Visitor: 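Can you keep this structure in mind? I'll have questions shortly.
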Amino acid sequence: MLYKYMEINKIIEKVKEYNKDANIDLIKKAYEFAVKIHEKHLRASKEQYIVHPLNVAYIVAESKLDEQSVAAALLHDVVEEGNVSIKDLKEKFGEEVALLVDGLTKLTELREKSREKYEAESIRKMLLASTKDIRVILIKLADKLHNMRTLDYLSREDQIRLAQSALDIYTPLAYRLGMDKIKSELQDLALKYLEPGVYHELVEKVNTRFRNREKEIRDVIEILNKRFRESEIKVNITGRPKSIYSIYEKMKKKNIDFENIYDVVGLRIITETIKNCYEILGIIHSLWKPIPGEFNDFIAMPKSNMYQSIHTAVNNHGKIIEIQIRTKEMDEIAQEGIAAHWVYKNIYGDTKFDKKLSWLKEFLEWQKSSEDHKEFMDELKLDFFDREIFCFTPKGKLIELPKHSCIVDFAYVVHSDLGDKCVAGRVNGKFVSLRQEVKNGDIIEVITEKNQRPRNEWLKFVKTANARTKIKKSLREHGEQIITPIKEEEVKKNSILMVKGVKDASIVFSKCCQPLPGDEIKGLLVKNNLVKVHQPGCTGLKDKKKIIDVKWIDPSEKIIGFNIDAYDRMGLFADILNQIVQTKTNVEKAQARIVNENMARCIFSLKIRSMEHLRDLLLRIKNIKDVKNVDVGIV
Ligand code: MN
């Protein structure tokens, strides 16, 4: 069987490319052993089983891992499939390789139990082994990747199950470890099996779009190359279509069609020094108009998975081109993540590197007591996806938080005392309440008062387990009862209108004439119980038959809830608060949350003095820049 030897030689050649002194004998020995053990095993594809470990080892070599990792990849299934003991492996290949294989081997004793429990416990075991030796996870990801590449041979049911676990567990892991290449391929493969129709349609569309823009992209690259030659900056520019999954995700998140996604094509500029990166950025912005809001400097502010790059997007005759600029080393880290870090320096004892893994250790520590395997998996998925916000202390220290965290969460991460004593925050220079959600890039100062202590109501809006634990601890110390909060959502409201003769009417205010409280109004019955409210003279009231009487309810001394939808921007919440304060209104409740990438919803409960007061408030809020819609009702 000639192909086997060709394959192992391919791996050995790959290893030699980046490590001339590699222990090739170890790799050969591992290979020969694996061939013997898997001799009678077949894959679902009816191929010789050894094809799988060989491919996994090749992916490991592509990530430039060391020879122990390559050997362990070749041996990763001999315990599970061939009943070889870890002790045997230790004698033959040394402790290091044996420990790696052990970490990659699923539990044997739980096999008879439910599949979910067995999978969950096996993942826990693998993650634990990874906190001691990160190479376990790196090899596991290669294993998962090759399995995903060969899903065609499995039953539809297994395809869906494995694709879902790739998306739930392994792509977030790859993301957290900064292994973008593996993450993107896993995501695309998962989509291919979970939503085959969508996937194939997108592949087709992306290819067409890329072909259509090929000449334009070539022209842009030519212009850039010429300018960089003149400035004597050495670069390597490549054009690439974005990953299918990232486009799919964007379409879903923004609820838009493919036709409205502009950044399907991107350019990547690799250069030598950081200084070059900024020079290149300057040149690009002098050639084309940058798109506002698309500029990100991840060189000055690296992501927590070590990713560094400058992102910008420019307008080339009405067409948008997304551009990434980074150094060669940054590029390797961007693609290979932790694996590249491995090559650049010996990572043991590297404290910065240890910190990158601390989330994993912390997570397993938290979950140590969890007996419930379902809870473990749910928390695992949550924790991986949720840590997405990166913000800063005034001194520039990076703080990482889950999405929808607030000022109190931030304060507790910085220091317990800061959390206990916080009364407000200042975000990018503007005062905000403790409930204020933090956003990427925010610079946050926590304002404290020495007599402050944690409040029961904080439990309603904090997001992190860390803050919750500390608040509860303090409440207990002060002998306070801990009230389990109900999650706050939009204010539940009754209409501020009375409608005659329609049972359970749902009411909308017309967009055409936008009546304000106190205005004369008429209702138009649109559907069974949907009433649109207009001003009497409005052309929207054409169909006279369906007109019904509506009346404002006197809002005096009532608490009125406001749901305000607005394009999110810095200072939005503060602007709204400012208008409210100017009308001398009592604020019963104030809350803001991000609805999606562009929109925020601010929720207020305000005590109203009179119809005029309500009218004044509504007018003021509607006139604030970026406010899209205001919805009011009696709380
Ligand atoms: Mn395997």
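We count ligands from 1, going down the list as the structure has it; atoms in each ligand are counted the same way. Note: hydrogens, waters and symmetry copies are ignored here, and every other heavy atom, side chains too, is used. The shown structure was predicted, so the numbers you read here are calculated from the model rather than taken from an experiment.
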Visitor: Is the Mn ion (ligand 1) less than 2.8 Å from at least one N/O/S atom of Glu80?
Guide: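 Coordinating: no.
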
Visitor: Have a look at the Mn ion (ligand 1) and estimate, to 10 degrees, the angle subtended by NE2 (His52) and OD1 (Asp143).
Guide: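 My answer is 80°, to the nearest 10°.
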
Visitor: State whether Glu32 and Lys29 are salt-bridged, where the test is any N-O pair (Lys NZ or Arg NE/NH1/NH2 against Asp/Glu carboxylate O) under 4.0 Å.
Guide: no

Visitor: Side chain to side chain contact (heavy atoms under 4.5 Å, CB included) for Leu151 and Leu189? Distances and angles first, verdict last.
Guide: CA-CA 9 Å; Leu151 271 193; Leu189 285 166; over 6 Å; no

Visitor: Hey, are Lys328 and Asp331 close enough for a salt bridge, meaning a charged N less than 4.0 Å from a carboxylate O?
Guide: no

Visitor: Show the nearest heavy-atom pair for residues Leu191 and Tyr199, with the distance to one decimal.
Guide: O-CB, 4.0 Å

Visitor: Please determine whether His146 has a backbone or side-chain N, O or S atom lying under 2.8 Å from the Mn ion (ligand 1).
Guide: no

Visitor: Of all N, O or S atoms in Asp77, identify the one at the shortest distance from the Mn ion (ligand 1).
Guide: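 In Asp77, the heteroatom (N, O or S) nearest the Mn ion (ligand 1) is OD2.
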
